[in-house]
2 protein chains.
Amino acid sequence: MAKSVANLSDVATLAKVSKSTVSRVLNNKLGNGFSVTAEVKERILKVIEELNYKPNLIAQDLTKQRTRMISVLGGAHALSDLGNIYQTAINSITNILDNAPGGFDVTVDMSHHPDGSSEIPAWRIDGAIVLARCSDETFEELEQRNVPYVVVNGSSWEKGSTVVPDDIQGMKLSVDHLVKLGHKRIAYASAPLGHLIGHSSIEERHQTYVSEIKKLGLPVIEGHDKLFTSAEDYLKSIIFKNKATAIITYGHMNALNLMQAAHFLGISIPQNFSLMAFCDKCATDIMSPGLTFIDLQSKKMGEIAASMLLEMIKNPGSARKQIKIQEQLVFRDTTSAPENS
Amino acid sequence: MAKSVANLSDVATLAKVSKSTVSRVLNNKLGNGFSVTAEVKERILKVIEELNYKPNLIAQDLTKQRTRMISVLGGAHALSDLGNIYQTAINSITNILDNAPGGFDVTVDMSHHPDGSSEIPAWRIDGAIVLARCSDETFEELEQRNVPYVVVNGSSWEKGSTVVPDDIQGMKLSVDHLVKLGHKRIAYASAPLGHLIGHSSIEERHQTYVSEIKKLGLPVIEGHDKLFTSAEDYLKSIIFKNKATAIITYGHMNALNLMQAAHFLGISIPQNFSLMAFCDKCATDIMSPGLTFIDLQSKKMGEIAASMLLEMIKNPGSARKQIKIQEQLVFRDTTSAPENS
DNA sequence: TCACTAGGTCCTGTCAAAAGG
DNA sequence: CCCTTTTGACAGGACCTAGTG
């Protein structure tokens, strides 16, 4: 196959000028000690047009020592289940970085890197956003290569910044909301099996549930410390046997399962029990009736993460930041005063 | 800031050998006319270890003229709404390409490229998967650069291959399913506003609905040619006024909306009307009761697209292919014989 | 000062050729 | 002269500094 694309030399030869001139017509803003005849400039531009020449980005990256590429790591779990908060976060991250001066190319890494092997193209990126977590090897490489990175909803190593939702405050909001409605027997359904094991939100929500409930002198309903499995069994145990009047769930998937199971068992929400979850607004849009939820503010998390990353890229020496985002209660149809109050 | 990463020269200097020797220790499979003293090899490997040297991928790309990167284009709509077929497709695409010999780095391009400007890093990728469609400029660049590409669920330009579901056959399956159950008044709800305008599936499903219904001598129910807006209005018009006993919807979001509206209006599914949709298996998992649907086989589409792309990369001269995937009926809880039959 | 150019730089991979025995 | 081991020079494409007439 013949050479299919033109390069700088080709343009230079055809325009009968040197490569440097072509390069500077393309890149250097005219004015600061740089000039060309209008005629030469025209000639060069015409040849570029004819050959449809475009600079080879790889070569450009090599000389400029920067790629204007930003990688979002952890796409495998970000895309795995429906309506999780990372989708929203990714969207706002992309928006910000797209519109940043100069423009960055945002790209979600989808490869399921086998355990123990970091395959992050650290040499190819100017920065990274980590969704919740990544492998130790990846963290190590990011740190060693001095790649600026921000972790969204998770913790970082030494040099990375973080943006996390304030789950302690969110759980307090939840309990407070239900207590104000008159609930006394409030249960908590933890994360389903297979969820991100060891994620801090699992621990924080759980512990805060226990401490808040105890602080108010209310009964801690059993099952809060187990991972969530069967929604039907859970309802039988928590509603029928333990007489709970309200359930807080770790995420929207639990809530969805519980709604379906309740429908199946002939129990009504919120007549027979109130239900609320931690999740993102967009996840609740698919549910009916409208779920009361603690908004994790994933859009805002994404925006802040992206801005912080830009700052870190611009200003390599700056110190890491750790930001906590306040969560918000959105009161809709699945919570109300308990029946017997 | 001091130079933070080691390069080939550094290794060579410290190991007291030439750069080429280091390079060959790293890359050339030993055996075919290549050899080093065990001692030299050890020395080099030790230095590499010490400096934690890793080849600069950008430079490597430049010399090798290939990046082992594959870009998935169209991420903006692939991630925009929940449970759409592209998520499944992306997952299977990634699986295949990850495990391909040599391994490819799959990356989803998320940038919302402004109209008219192709910003595809065509120079940086070895191949592309297009989800449904991309801008004309992008197609143009892919073609001109001879980047192998496969379009999933959409049409390509001259050199690209395509994998599309057979919507004509799928609509025939739907109508046939409902007719066999005894339905005579079958309606079709088209794509919601804001969906991919002009996508062939909208046209094909709609036209096939009309032609199949007519062929069977059944009444074409009005509303089939309008974009879907309010689920409640639709039900009032189609079920109450037009006495339809079954509705086929363009996608799972319509179906979800209709289920919620039916619940609100006090109509039961499938007692009062049957409902089915075109969608992906994973989208229906979040619905209750279980939706009868036409499976678009997005997993299979992804697998085939990825394999075709690998073939095209390996074999640049090969002719484009256009593959149609058979759709499948999955009979669940939302369709049954009509009440008055 | 103006209008332009030569040649080094970024970093790795390759190949012909040289060194060592 | 042969074989093994190693090397130097250059390609790859764009950018940039120093420099020329």
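Below, chain A is the first sequence line, B the second, and so on; all start at residue 1.
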Minimum-distance nucleotide to B:Q65 side chain [options: C:dC11, D:dG13, D:dC15]: D:dG13
Plane angle bin for B:F139 and B:Y149 - parallel if under 30°, tilted between 30 and 60°, otherwise perpendicular: tilted
Of the listed nucleotides D:dC15, D:dT7, C:dC4, the one nearest the side chain of A:V40: C:dC4
Integer-rounded Å distance: D:dG13 P and B:R124 CZ: 16 Å
B:R66 CZ - D:dG12 C1' separation (whole Å): 14 Å
Which nucleotide in D:dA14, D:dT6, C:dC4 has an atom nearest any side-chain atom of A:V36: C:dC4
Interatomic distance, A:D61 CG vs C:dT12 C1' [rounded to whole Å]: 15 Å
Residue pair A:R145 / B:K54, side-chain heavy-atom distance below 4.5 Å: yes
Identified side-chain contact (heavy atoms from CB on, under 4.5 Å) partner of A:M308 from the options A:I129, A:V163, A:T162, A:I313: A:V163
Distance-only polar pair, side chains of A:S23 and A:S20, donor-acceptor under 3.5 Å: no
Selection from C:dC4, D:dG13, C:dG13 that lies nearest to any side-chain heavy atom of B:S23: C:dG13
Interatomic distance where CG belongs to B:L57 and C1' belongs to C:dC10 [whole Å]: 15 Å
Rounded distance (Å) that lies between atom C1' of C:dT14 and atom CG of B:N27: 10 Å
Atom-to-atom span, CZ of B:R68 to P of C:dG13 - whole angstrom: 14 Å
Between D:dA14 (C1') and A:K64 (NZ): distance, integer Å: 9 Å
Nearest-nucleotide comparison on DNA chain C, the residue closer to the 5′ end among A:T37 and A:K19: A:T37
First encountered from the 5' end of DNA chain D, between A:L62 and B:K16: B:K16
Interatomic distance, B:I44 CD1 vs C:dT12 P [rounded to whole Å]: 14 Å
Residue-phosphate contact under 4.0 Å: A:Q60 side-chain N/O, D:dC15 OP1/OP2: yes
Proximity to the side chain of A:S20 - top-ranked nucleotide from D:dA14, D:dA11, C:dG7: C:dG7
Within-4.5 Å side-chain heavy-atom neighbours: B:P148 and B:L309: yes
Nucleotide nearest A:N56 (side chain, heavy atoms from C-beta), chosen from C:dG13, C:dT5, D:dA14: D:dA14
Any B:T21 side-chain nitrogen or oxygen under 4.0 Å from OP1 or OP2 of D:dT7: yes
Check: B:R24 side chain, C:dT12 base, donor-acceptor under 3.5 Å: no
Selection from D:dG13, D:dT7, C:dC10 that lies nearest to any side-chain heavy atom of B:S18: D:dT7
Among C:dT12, D:dC15, D:dT7, the nucleotide that comes nearest once only the side chain of A:T63 is considered: D:dC15
Among C:dT5, D:dA14, D:dG13, the one nearest A:Y53 by side-chain distance: D:dA14
Nearest-neighbour nucleotide for the B:S35 side chain, C:dT12, D:dT4, C:dA6 considered: D:dT4
Nearest-0.5 Å distance that lies between atom CD1 in A:I93 and atom OH in A:Y86: 11.0 Å
